[in-house]
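Just so it is clear, the values below take in all heavy atoms, side chains as well, and ignore hydrogens, waters and symmetry mates.
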Amino acid sequence: MLVIAIIVMGVMGAVFGLLLGFAGKKFYVEVDPRVAQIRGVLPGGNCGACGFPGCDGLAEAIAKGEAPADGCKPGGAAIAAKIAEILGVSVGESNGRSIARVTCGGDRVNCQNRSAYAGVPSCRAALLAGGGFKACEYGCLGLGDCVRACPFGAMRMSAAGLPEVDDEKCVACGKCVTGCPRGIMELVPESKTVFVRCRSKARGPVVRKACKVGCIACMACVKVCPTGAISVQDNLARIDYSKCDACGLCVAKCPAHAINDLRHGAGAAGDAGADRVAGQAAG
């Protein structure tokens, strides 16, 4: 009996082995070795800025040609170059790095609260409680949803109640942009140091009552801009960065100090702007 059992087990083992071997060949899925190579050079943040669920998805898409070699925004040009080398392709010249900017200057000093709030410390939660407590219905609520959304630790709340961005850590993943329920965060080219720190679409008199540094749509910035880069739409100044040369004239002329130049602070023109202001005064 023992011999028969051994023979039966042997036959069964051989049959199952053949079946497994056949199934392995029949259903074999060839794996592109470049997927693992690309995944190995990606930063691993799984931030989703590329439009894919994570780095694994992006690596597979790049290997299939469904995503560009420079599809990883946090990785920037350095990672794109490595991926291009793996793929054996060239990467076009980068459009430059972007940085997340806070487009609101309404901190606790400049923009008062219209009501008290003692609920969950979240901007989204505060908005559900009567549309928020800030006097400006467009202003930053300062409860840090954007800071918590940042996966790279590039943001913190200032003592005045506005988020601040660490340019060195920011990878332009856009998580803070989507995380802010007020739409205060914006990705701006790093080379463009002039930007509007206001989101209010309210009329000038309403803005004046709510915030000391809100855009009042007075058109002063539009009139002084030499390149036509600024327009006022929906009572709010907007900058066309393809035309802006960051001269800073608009910063100097804005009576509400709603336009900032990172090089010199609010209300100060850059060197080029200062020269042009002096030239206009002399002329």
Side-chain angles (χ1 to χ4, degrees), residues 43-54 72-76 97-115 117-190 192-202 207 210-215 236-239 241 258-262 265-266:
N46 292 314
C47 62
C50 55
F52 293 88
C72 177
K73 294 182 180 180
R97 183 183 180 220
S98 293
I99 300 289
R101 299 299 182 204
V102 182
T103 59
C104 176
D107 58 19
R108 294 194 185 99
V109 175
N110 293 317
C111 185
Q112 302 297 313
N113 293 344
R114 61 179 173 82
S115 62
Y117 176 73
V120 177
S122 160
C123 301
R124 292 190 186 280
L127 281 175
L128 294 175
F133 50 84
K134 217 61 178 287
C136 174
E137 64 176 299
Y138 299 92
C140 174
L141 294 172
L143 296 177
D145 283 21
C146 55
V147 174
R148 290 187 287 274
C150 178
F152 297 97
M155 299 186 70
R156 69 181 186 88
M157 293 304 298
S158 72
L162 283 181
E164 294 179 338
V165 179
D166 184 335
D167 289 7
E168 296 300 320
K169 294 181 179 179
C170 178
V171 298
C173 69
K175 286 291 186 181
C176 59
V177 177
T178 56
C180 174
R182 286 284 210 192
I184 300 301
M185 302 304 302
E186 182 180 0
L187 295 178
V188 177
E190 186 179 27
K192 305 301 181 182
T193 58
V194 176
F195 64 99
V196 181
R197 293 201 73 183
C198 183
R199 283 289 190 183
S200 177
K201 297 179 181 179
V207 174
C211 183
K212 296 177 181 176
V213 294
C215 175
L236 180 63
R238 302 172 191 275
I239 298 177
Y241 286 113
I259 307 177
N260 278 23
D261 187 338
L262 292 173

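Side-chain N or O atoms of N110 include one that pairs as donor or acceptor with a backbone N or O of G105 at under 3.5 Å. Proximity of a side-chain donor or acceptor of N260 to a complementary backbone N or O of L262 within less than 3.5 Å is not detected. K134 places a side-chain N or O within 3.5 Å of a backbone atom of G106 that can act as its donor or acceptor partner.
Residues R197 and V213 fail the side-chain proximity criterion, which asks for heavy atoms closer than 4.5 Å. For the pair C123 and R182, the minimum side-chain heavy-atom distance is 4.5 Å or more. Contact of the P43 side chain with the C72 side chain is registered, since non-hydrogen atoms from C-beta on lie closer than 4.5 Å. Between V207 and C215, every side-chain heavy-atom pair lies at or beyond the 4.5 Å cut-off. In this structure, the side chains of K192 and I239 stay at 4.5 Å or more apart for every pair of heavy atoms. Proximity of V102 to M185: side-chain heavy atoms (C-beta onward) are separated by under 4.5 Å at one or more points. Between P151 and C173 there is a side-chain heavy-atom pair separated by less than 4.5 Å.
The two residues G130 and R114 make their nearest non-hydrogen contact at O-NH2, 2.9 Å. Here the closest non-hydrogen pair linking S122 and R148 is CA-NH2, 3.7 Å. M155 approaches P163 most closely through the heavy-atom pair CE-CB, 3.7 Å. In terms of heavy-atom proximity, M157 sits nearest to G142 at CE-O, 3.3 Å. In plain terms, the two heavy atoms of A149 and G179 that are nearest each other are CB-CA, 4.3 Å. Scanning both residues, Y117 and A126, for their nearest heavy atoms gives OH-N, 3.5 Å.
To the nearest 0.5 Å, atoms SG (C180) and CG (L143) are separated by 11.0 Å. Taken to the nearest 0.5 Å, the CZ atom of R156 stands 13.0 Å off from the SG atom of C150. Going from atom CD1 of I184 over to atom CD of E186 covers 10.5 Å, rounded to the nearest 0.5 Å.
Taking the charged nitrogens against the carboxylate oxygens, D145 and K175 have no contact shorter than 4.0 Å, which rules out a salt bridge.
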Item to complete: Test side-chain contact (heavy atoms from CB on, under 4.5 Å) on V177 and R101 and set out the steps.
Response: CA-CA 9 Å; V177 177; R101 299 299 182 204; over 6 Å; no
Item to complete: Verify side-chain contact (heavy atoms from CB on, under 4.5 Å) between R199 and C136, making sure each step is shown before the conclusion.
Response: CA-CA 10 Å; R199 283 289 190 183; C136 174; over 6 Å; no
